[in-house]
Amino acid sequence: MIDLGLNKNATRMLTGLIMGTLVMYCIIQGGPWILLLLAVMLIAGSREYVRMLNHKGFYPSLKVIYITEIILATVVYLKRFDLVAITLTICAMGSFMWVLFRGRQPYIANVATTLLGMVYCGWFPLHLIFLRDLSCDRYDSGLGFVVLMFTAILLTDIGCYYVGSKWGKHKLAPTVSPNKTIEGSIGGIFFAILGALIVGYCINLEWYLALCAGVICTVFGQIGDLCESLIKRDAGVKDSGSSLPGHGGFLDRTDSFILTLPIMYYFCKCFIFHTEWMNTLANMLKGLF
């Protein structure tokens with residue numbers, strides 16, 4: 001870890017400020033900047049993931065994961081969504097062939113963790129491109145919804161920390177993350193919904209849709225955090241890495257987004273940007289009565 005000569009909280013805040021500024025710049029610019037941002041995150045996150053699994057005694061193929069991520073990122077960036085399924089299918093077969101020819105124990109675990117790495121470190125984060133590129137007559141892009149998601153998750157972390165540290169008594173998931181409390185979780189949900197409503201108002205989003213988006217972001221953000229904690233605890237490591245001073249590794253900083261991104265994308269696509277299916281369903285229901 002880089003020593004900045006600051007105390008832990010100051011180091012964490014400085015790193016978060018720099019990282020947040022760079023991330024938001026890339027998201028606002030869009031296009032190749034988001035691809036560059038994801039390339040850094042996917043490369044670093046996948047390496048940390050493999051190292052954690054190595055500590056457990058599993059040996060997923062970093063090469064297969066990288067190849068899958070490169071192909072998937074290219075397919076997604078070129079908007080060839082028809083090639084996603086075949087890409088995942090071929091790369092999944094590649095993980096089996098890698099184990100077959102490499103011949104290293106434990107075979108089943110190595111295949112399974114390679115497949116998990118493809119999805120967890122590659123496919124899920126790539127939904128950031130999907131979400132950013134959404135468009136309809138009312139919204140030119142999904143930028144406002146990306147900002148809403150980032151705001152809700154940031155306020156979730158802040159609310160969980162401060163409410164939990166002051167009033168937290170009941171453990172949320174003691175076997176996975178002993179420091180997290182139910183009170184902190186509720187505090188995170190409250191602040192996330194508040195932030196989502198404010199951002200929703202700024203982008204002219206109906207309050208009930210902003211409320212739903214805030215709930216989705218905070219709930220799946222917390223679940224994503226717990227999932228990464230589960231991997232770390234099972235692997236016997238404290239942090240996924242030490243690349244980010246005060247934060248640990250890239251996975252430690254992005255774990256709340258990994259599960260939130262795909263859920264947020266499908267919510268926005270179905271209920272905000274493309275509502276034709278809702279009109280069709282409503283007409284069908286009217287026809288029944």
Side-chain angles (χ1 to χ4, degrees), residues 1-24 41 44-45 48-49 52 120 146-200 210-261 263-264:
M1 181 183 294
I2 301 173
D3 186 8
L4 300 177
L6 303 172
N7 62 47
K8 184 177 180 179
N9 288 334
T11 300
R12 184 180 179 86
M13 290 178 62
L14 178 60
T15 303
L17 177 63
I18 295 173
M19 185 178 178
T21 301
L22 293 174
V23 168
M24 288 310 303
M41 294 174 62
E48 292 174 357
Y49 167 81
M52 284 194 295
Y120 184 74
V146 176
V147 174
L148 188 153
M149 179 190 67
F150 272 81
T151 301
I153 291 180
L154 175 62
L155 291 177
T156 295
D157 291 341
I158 294 174
C160 286
Y161 176 76
Y162 284 103
V163 175
S165 60
K166 189 169 184 178
W167 291 293
K169 294 181 180 179
H170 303 87
K171 301 298 182 182
L172 178 64
T175 58
V176 176
S177 185
N179 294 327
K180 290 181 172 60
T181 63
I182 295 176
E183 292 82 2
S185 177
I186 294 173
I189 291 173
F190 172 79
F191 283 104
I193 291 176
L194 181 62
L197 289 173
I198 294 173
V199 176
L211 174 66
C212 291
V215 171
I216 287 172
C217 291
T218 186
V219 169
F220 283 93
Q222 293 187 53
I223 292 174
D225 191 350
L226 290 173
C227 287
E228 203 244 349
S229 296
L230 181 67
I231 295 174
K232 290 190 295 185
R233 181 164 291 274
D234 194 33
V237 297
K238 184 178 183 297
D239 296 317
S240 66
S242 57
S243 304
L244 301 174
H247 292 270
F250 276 87
L251 285 180
D252 293 321
R253 186 61 273 172
T254 60
D255 53 5
S256 298
F257 297 92
I258 292 177
L259 298 187
T260 308
L261 275 168
I263 299 297
M264 185 64 174

Tell me whether Lys232 contacts the main-chain N or O of Val237 through its side chain, where contact means a donor paired with an acceptor under 3.5 Å. no
Heavy atoms only: give me the nearest Cys160-Ser185 pair and the separation to one decimal. SG-CA, 3.9 Å
Quick one, Thr151 with Val147, criterion side chain to side chain contact (heavy atoms under 4.5 Å, CB included). Give me CA distance, side-chain angles, the key distance, then yes/no. CA-CA 6 Å; Thr151 301; Val147 174; 4.0 Å; yes
In Å and rounded to the nearest 0.5 Å, what is the CD1 to CD1 distance from Ile158 to Ile153? 12.5 Å
Heavy-atom count check: over 12 atoms from other residues, nucleotides or ligands less than 6.0 Å from Phe191 CZ? no
Is any side-chain heavy atom of Val215 less than 4.5 Å from a side-chain heavy atom of Ile193? yes
Distance-only, no hydrogens or angles: does the Glu183 side chain make a donor-acceptor pair with backbone N or O of Val163 under 3.5 Å? no
With Lys180, which residues qualify under salt bridge (charged side-chain N to carboxylate O under 4.0 Å, His left out), at least two apart? Asp225
Are a donor atom and an acceptor atom from the side chains of Gln222 and Ser256 found within less than 3.5 Å of each other? no
Can you name the closest pair of heavy atoms from Ala213 and Leu148 and give their distance? CB-CD2, 3.8 Å
Contacts satisfying salt bridge (Lys or Arg N to Asp or Glu O under 4.0 Å) that involve residues 154-167 (not counting sequence neighbours) are Asp157-Arg253
How many angstroms lie between CD1 in Ile231 and CG in Asp234, if you round to the nearest 0.5 Å? 9.0 Å
On a heavy-atom basis, the closest approach of Ala44 and Phe250 is CB-CD1, 3.3 Å
Give the C-alpha distance, both sets of side-chain angles, the deciding distance and a yes or no for side chain to side chain contact (heavy atoms under 4.5 Å, CB included) between Glu228 and Thr254. CA-CA 10 Å; Glu228 203 244 349; Thr254 60; over 6 Å; no
Could you tell me if the side chain of Asp252 sits less than 4.5 Å from the side chain of Glu48, heavy atoms only? no
Please lay out, stage by stage, how Thr260 and Thr218 fare under the test side chain to side chain contact (heavy atoms under 4.5 Å, CB included). CA-CA 8 Å; Thr260 308; Thr218 186; over 6 Å; no
Least distance between heavy atoms, Asp255 atom then Tyr120 atom: CB-OH, 4.5 Å
Side chains of His170 and Thr181, heavy atoms from C-beta outward: is any pair under 4.5 Å? no
Passes side chain to side chain contact (heavy atoms under 4.5 Å, CB included), Leu251 versus Ile258? Steps please. CA-CA 9 Å; Leu251 285 180; Ile258 292 177; 3.9 Å; yes
Does Thr156 reach the main-chain N or O of Ala152 with its side chain, forming a donor-acceptor pair under 3.5 Å? yes
Any idea which heavy atoms bring Ala235 and Met52 closest together, and the distance? CB-O, 3.3 Å
Separation between CG (Asn179) and OG (Ser165), nearest 0.5 Å, reads 11.0 Å
Any donor-acceptor pair under 3.5 Å linking the side chain of Arg233 with the backbone of Thr175? yes
Which residues satisfy the ring pair (Phe, Tyr, Trp, His ring centres under 6.0 Å) test with Phe257, sequence neighbours excluded? Phe150
Smallest heavy-atom separation, Ile223 atom then Leu259 atom, equals CG2-CD1, 3.9 Å
